[in-house]
J.: 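This structure is in structure tokens; I'll ask about it shortly.
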Amino acid sequence: MTQRIAVLGATGSIGDSTLAILAEHLQDYEVYALSGHQRLDKLLKLCQQFKPKRVAVPTEAVDDFAKRLKQAGLTAEVVGGTQGLIDVATDSQVDTVVAAIVGAAGLPSTLAAARAGKRILLANKEALVMAGQVMIKAVKTHHATLLPIDSEHNAIFQCLPATIQQDNTQIHDDSHGVRKLWLTASGGPFLQQSFAQMQQAGVAEAVKHPNWSMGQKISVDSATMMNKGLELIEACHLFDLPESKINVVIHPQSIIHSMVEYSDGSFLAQLGSPDMKTPIAHALSYPQRIASGSQPLDLYTLSGLEFIKPDLQKFACLRLARQAMQAGTQATIILNAANEIAVEAFLQGKVRLTDIASINEQALSEVKASKLSADADIDDILAIDSLARHYTESLVRQML
Ligand code: NAD
Ligand code: MG
């Protein structure tokens, strides 16, 4: 049967990879809905190519985009804003939601998809960082399916026993013999450079990732290793493990995408070219396999694979992520919000790359939020998010 897909964040890097796979498998998948935020010319081209039934754009762009679709002879319904994204994510015709919006903006639609019992292909790690418990509870209560497409989490998923995969990836305890998870990190563009060199880095150097081609925000997060910090928090929620059971190791070649260590001494790893099409194709077709279009690894030309312990002074964001995870959800919300503001300030040339960690650290210690209760909901989460954003914005203003 054809799987009907909504790609939220269709104009981004994950959107590109997802649609490149879908274009090769249109007999099995229907592109039912698309969303885009900034690059609406690109969204229009995607509409011409995939002819979705529904399209979500910012509220202020609805009328104009509907006009442009009509001029192009297309009949898709255009919806707007956060509610539009939620409508698309919960549409009864949609089987699978690809959650590929960047940042906190992706949370409401991802959570709505969980509450509507959808199959969710999760790229938007910020949704779990901000609302891990709420998301996982919604997935369980509404019998949704959460399939990670962040490459590390997808690799771990592939290395776990089928019983855990089918129990929404929750490991809970060591009854399956899982001793630790190992998240691999490339170390980003500054791995071989000193802190002083990192301090001087401009935007172009910071977003130039050695192995992966990605959106701007996640590229900066990779340069500071905040990305690995967010992924650590994402993994705690996804796999129901404390942060102490998750190790991070720098593996500059990005060939091993992560590992599961078992109590008998086995380490299971997933390998592949650094291309997001592999984890996306895995999740799209799970439990089957489809061609992804990524280049197979050429093992004969691979030289050494290296593994390095991260330097937590140079990459302080990784230390902050562990600290926040230990402190509780209110702290991971603050860290995520502060980081979004700090990254944006760096991209606008207002602060240095190395200021991002200090801004995040200051927000973590200065923003006061009480511990969230187990039944906290999205409004409680967004209130802390907004508090942290305001604090961080004023901190950035003081630094100018
Ligand atoms: P990107 O910047 O290339 O694309 C982001 C998408 O989100 C675009 O379609 C954009 O229009 C949309 N968007 C941005 N702001 C929005 C808003 N306020 N409201 C609605 N839509 C908005 O980002 P990306 O690299 O594709 O990353 C997307 C998500 O996937 C991020 O959460 C990232 O951490 C995660 N991820 C990306 C990669 C990767 O290789 N690119 C890998 C793993 C995880
Ligand atoms: Mg990743």
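As a basis for the values below, the full set of heavy atoms in this structure was taken, side chains included, without hydrogen atoms, waters or symmetry mates. Positions are given from 1 along the sequence. Counting starts at 1 for both ligands and their atoms, in listed order. The structure displayed is predicted, hence computed values, not measured ones.
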J.: Check each atom of ligand 1 against the heavy atoms of Ala105 and keep those under 4.0 Å away; list them by number with element.
T.: 17 (C), 18 (N), 19 (N)

J.: Using the benzene-type ring in the case of Trp, are the ring centres of Tyr286 and Phe157 under 6.0 Å apart?
T.: yes

J.: Nearest 0.5 Å please: distance from the CE atom of Met259 over to the CD1 atom of Ile256.
T.: 5.0 Å

J.: Looking at atom 3 (O) of ligand 1, what's its closest protein heavy atom, distance included?
T.: Ser13 N, 2.9 Å

J.: Under 4.0 Å from any heavy atom of Asn124, which atoms of ligand 1 are there?
T.: 32 (O)

J.: About how many Å separate CE of Met276 and NE2 of His257, when rounded to the nearest 0.5 Å?
T.: 9.5 Å

J.: Are any of the side-chain nitrogens in Asp221 or Lys217 under 4.0 Å away from the carboxylate oxygens of its partner?
T.: yes

J.: Could you work out, for atom 35 (C) of ligand 1, the closest of Ala123, Ser219, Ser222 by heavy-atom distance?
T.: Ala123

J.: Considering only the protein, which heavy-atom contact is closest to atom 9 (O) of ligand 1, and what is its distance?
T.: Thr11 OG1, 2.7 Å

J.: Under the criterion side chain to side chain contact (heavy atoms under 4.5 Å, CB included), which of Val102, Leu230, Asn336 is the partner of Lys125?
T.: Leu230

J.: If I consider every N, O or S atom in Glu231, which one ends up closest to the Mg ion (ligand 2)? I only need its name.
T.: OE2

J.: Give me the nearest non-hydrogen protein atom to atom 43 (C) of ligand 1 as residue plus atom name, then the distance to 0.1 Å.
T.: Asp150 OD1, 3.0 Å

J.: Any idea which protein heavy atom is nearest atom 38 (C) of ligand 1, and the distance to it?
T.: Ile14 CD1, 3.4 Å

J.: Any link between Val343 and Ile218 through a network of hydrophobic side chains (Ile, Leu, Val, Met, Phe, Trp, Tyr) touching at under 4.5 Å?
T.: no

J.: For atom 12 (C) of ligand 1, grab the closest protein heavy atom and report residue, atom and distance to one decimal in Å.
T.: His37 CB, 4.0 Å

J.: Among the N, O or S atoms of Asp150, which one sits nearest to the Mg ion (ligand 2)?
T.: OD1

J.: To the nearest 0.5 Å, what is the distance between CD1 (Ile246) and CH2 (Trp182)?
T.: 12.0 Å

J.: Please state which protein non-hydrogen atom is closest to atom 32 (O) of ligand 1 and give its distance, to 0.1 Å?
T.: Glu126 OE1, 2.7 Å

J.: Which one holds for Met276 and ligand 1: side chain close, backbone close, both close, or neither close, with close meaning a heavy atom under 4.0 Å?
T.: side chain

J.: Looking at atom 25 (O) of ligand 1, what's its closest protein heavy atom, distance included?
T.: Gly215 N, 2.9 Å

J.: What residue and atom, counting heavy atoms only, is the protein's closest point to atom 29 (C) of ligand 1, and at what distance?
T.: Ile101 O, 3.8 Å

J.: What part of Ser17, side chain, backbone, both or neither, has a heavy atom within less than 4.0 angstrom of ligand 1?
T.: neither

J.: Can His37 and Thr11 be counted as having a side-chain donor-acceptor contact under 3.5 angstrom?
T.: no

J.: Using distance alone, with no hydrogens and no angle criterion, decide if Gln326 and Glu243 have a side-chain donor and acceptor under 3.5 Å apart.
T.: yes

J.: Can you sort out the partners of Leu74 under side chain to side chain contact (heavy atoms under 4.5 Å, CB included), two or more places apart, ordered by chain and number?
T.: Cys47, Gln48, Lys51, Leu69, Ala72

J.: Please name the atom of Glu152, limited to N, O or S, that comes nearest to the Mg ion (ligand 2).
T.: OE1

J.: Using a distance-only test with no angle check, is there a side-chain donor-acceptor pair under 3.5 angstrom linking Glu126 and Asn124?
T.: yes

J.: Linking Ile, Leu, Val, Met, Phe, Trp and Tyr through side-chain heavy atoms less than 4.5 Å apart, which residues share a cluster with Val88?
T.: Leu8, Tyr32, Val79, Leu85, Val94, Val97, Ile101

J.: Return yes or no for this condition: an N or O of Ile218 is under 3.5 Å from an N or O of ligand 1.
T.: no

J.: Which of the atoms in ligand 1, numbered in the order shown and given with their element, are less than 4.0 Å from a heavy-atom of Ala10?
T.: 9 (O)

J.: Quick one: does Gly15 get within less than 4.0 Å of ligand 1, heavy atoms only?
T.: no

